[in-house]
Amino acid sequence: MNRILIIDDEKEITDLIELFLQNENFQVSKCYSSQDALMLIKNESFDLAIIDVMLPDGNGFELCKFIREKYTYPIIILTSRIEGIDRVTGLSLGADDYVTKPFLPVELVARVKAQLRRVQLYDGKESNTSETLMVTGLFLNKTSHECNLNGKKIKLTPLEFSILWLLCKNRGTVFSADELFQQIWGEKYFKNSRNTVMVQIRHIREKLNDSVENPKFIKTIWGVGYIIE
């Protein structure tokens, strides 16, 4: 049974999300402040976190950043703003998805399931076949979700791993941001999807100590997309 953490100071919303998740056989923990959330994150294990941006004693971005320093489980950001700045900020700090309030609970549940399926797929829980790739000192194991660069372990989120795996597996093929979004997120292109992909590519480059100007791995073909040659 997957454990889901909900962090939102609006009790009515957390109760509603909890109800829909429990109906899908998820185990739910709730908290209404950053302080309580930090205690749960430090002392308990979770498979996914749903975090509201606005909290009475802090904000969800700080919690997102804290989680990403130690854990790779998916994070879904809840935001009331529609201009997109919260979305970009959340993704920059390591969030995997975001949902704008007001939202349909069934949509949020669908996004939770999609994120957990991605984790299961790239952790090898849905396959007994070990798949590995080696590209210029970069080693990827799809079954164990392992990434090593010249023998040094690189900690990737499931989303980052899936993007890097796709590019490495299709070495020499250019993927546009739209194509990456559709293949990795499993959704059709929408207005901010290109920024979403760009943020994740930047995260991967930072972890691989790669650069845009002189890339060893992910090369940008300006106006076209991304490629690992």
Side-chain angles (χ1 to χ4, degrees), residues 2 47-48 50 68 72-77 84 87-88 90-100 106-136 138-149 154-208 210 212 215-229:
N2 292 116
D47 298 293
L48 183 143
I50 300 171
R68 276 295 166 262
T72 60
Y73 55 76
I75 300 172
I76 298 177
I77 291 287
R87 303 171 185 177
V88 175
L91 291 168
S92 298
L93 293 173
D96 299 276
D97 200 356
Y98 52 83
V99 175
T100 303
V106 290
E107 178 190 356
L108 179 58
V109 172
R111 290 179 179 271
V112 167
K113 289 182 176 180
Q115 291 298 328
L116 292 175
R117 278 197 302 270
R118 183 175 293 114
V119 173
Q120 292 169 352
L121 177 63
Y122 286 93
D123 276 351
K125 297 175 183 176
E126 293 184 355
S127 173
N128 293 321
T129 303
S130 175
E131 293 187 60
T132 61
L133 292 172
M134 190 77 173
V135 178
T136 318
L138 179 66
F139 173 80
L140 296 175
N141 187 315
K142 187 176 180 181
T143 301
S144 63
H145 192 192
E146 178 185 0
C147 176
N148 284 284
L149 177 58
I154 306 296
K155 190 176 182 181
L156 299 175
T157 68
L159 194 57
E160 293 163 355
F161 186 92
S162 61
I163 293 172
L164 187 57
W165 175 270
L166 180 64
L167 291 173
C168 287
K169 188 174 183 180
N170 296 277
R171 190 175 179 181
T173 300
V174 180
F175 285 86
S176 69
D178 298 353
E179 289 172 334
L180 282 173
F181 187 85
Q182 291 179 31
Q183 292 210 37
I184 301 301
W185 278 261
E187 299 178 8
K188 292 183 179 180
Y189 167 82
F190 66 96
K191 184 177 180 181
N192 291 311
S193 62
R194 188 165 300 172
N195 288 336
T196 301
V197 172
M198 289 174 61
V199 169
Q200 298 299 331
I201 292 291
R202 190 179 78 235
H203 287 166
I204 297 170
R205 282 174 169 158
E206 290 172 352
K207 292 182 178 182
L208 297 180
D210 211 0
V212 179
K216 298 177 182 177
F217 300 103
I218 302 177
K219 182 179 180 180
T220 299
I221 307 298
W222 297 108
V224 182
Y226 304 96
I227 184 174
I228 291 182
E229 296 180 331

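As the structure is a computational prediction, the values presented were derived from the model and not from experiment. The basis for the numbers below is simple: all heavy atoms, side chains too, and nothing from hydrogens, waters or symmetry mates.
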Item to check | Minimal non-hydrogen separation, T72 against P158, with atom names | outcome: O-CD, 3.0 Å
Checklist entry - Step by step, would you call R202 with M198 a side chain to side chain contact (heavy atoms under 4.5 Å, CB included)? => result CA-CA 6 Å; R202 190 179 78 235; M198 289 174 61; over 6 Å; no
Checklist entry - Does the side chain of W165 reach to within under 4.5 Å of the side chain of E131, using non-hydrogen atoms? => result yes
Checklist entry - Is the number of heavy atoms from other residues, nucleotides or ligands under 6.0 Å of K207 NZ greater than 12? => result yes
Next on the checklist: Nearest 0.5 angstrom please: D96 CG to T196 OG1, how far?
Outcome noted: 11.0 Å
Checklist entry - Are E229 and K219 ion-paired here, with the side-chain N under 4.0 Å from a carboxylate O? => result yes
Item to check | Close side-chain approach of V199 to H203, heavy-atom, < 4.5 Å | outcome: yes
Item to check | Working for side chain to side chain contact (heavy atoms under 4.5 Å, CB included), residues L48 and I75 | outcome: CA-CA 6 Å; L48 183 143; I75 300 172; over 6 Å; no
Item to check | Atom pair CD1 (I163) and SG (C168), whose distance is rounded to the nearest 0.5 Å | outcome: 12.0 Å
Checklist outcome for this item: For F217 and L208, the nearest pair of non-hydrogen atoms, with its separation, is CD1-CD1, 4.1 Å
Item to check | Residues F181, V197; criterion side chain to side chain contact (heavy atoms under 4.5 Å, CB included); working and verdict | outcome: CA-CA 7 Å; F181 187 85; V197 172; 3.9 Å; yes
Item to check | Heavy-atom pair of closest approach, residues F175 and Q183 | outcome: CE2-NE2, 3.4 Å
Item to check | Rounded distance [0.5 Å steps], OG1 in T100 versus CD in E107 | outcome: 8.5 Å
Item to check | N141 side chain to E146 backbone, donor-acceptor under 3.5 Å | outcome: no
Next on the checklist: So that I can tick it off, tell me whether D97 and R111 are bridged by a salt bridge, with the cut-off set at under 4.0 angstrom between side-chain N and carboxylate O.
Outcome noted: yes
Item to check | Check: I76 and L108 side chains under 4.5 Å, non-hydrogen atoms | outcome: yes
Checklist entry - Rounded to the nearest 0.5 Å, what separation is found between the CD1 atom of I154 and the CG atom of L149? => result 5.0 Å
Checklist entry - Is a side-chain N or O of D210 found less than 3.5 angstrom from the main chain of I218, in a donor-acceptor match? => result yes
Checklist entry - Can you list the steps and then say if K142 with T132 is a side chain to side chain contact (heavy atoms under 4.5 Å, CB included)? => result CA-CA 6 Å; K142 187 176 180 181; T132 61; over 6 Å; no
Next on the checklist: Within a 6.0 Å radius of atom NZ on K169, are there more than 12 heavy atoms belonging to other residues, nucleotides or ligands?
Outcome noted: no
Checklist entry - Nearest heavy-atom pair of R68 and P74: which atoms, and what distance? => result NH2-CA, 3.9 Å
Checklist entry - With a 4.5 Å limit on heavy-atom distance, are the side chains of L164 and L138 in contact? => result yes
Checklist entry - Any side-chain heavy-atom pair from Y226 and I221 closer than 4.5 angstrom? => result no
Next on the checklist: When you measure from the side chain of Q182 to the backbone of E179, do you find a donor-acceptor pair of N or O atoms at a distance under 3.5 Å?
Outcome noted: no
Checklist outcome for this item: For F161 and L140 the tightest heavy-atom approach is CE1-CD2, 3.8 Å
Checklist entry - Taking side chain as C-beta onward, heavy atoms only, is T173 less than 4.5 Å from I227? => result no
Next on the checklist: Can you give me the closest heavy-atom contact between E160 and I204, atom names plus distance?
Outcome noted: O-CD1, 3.5 Å
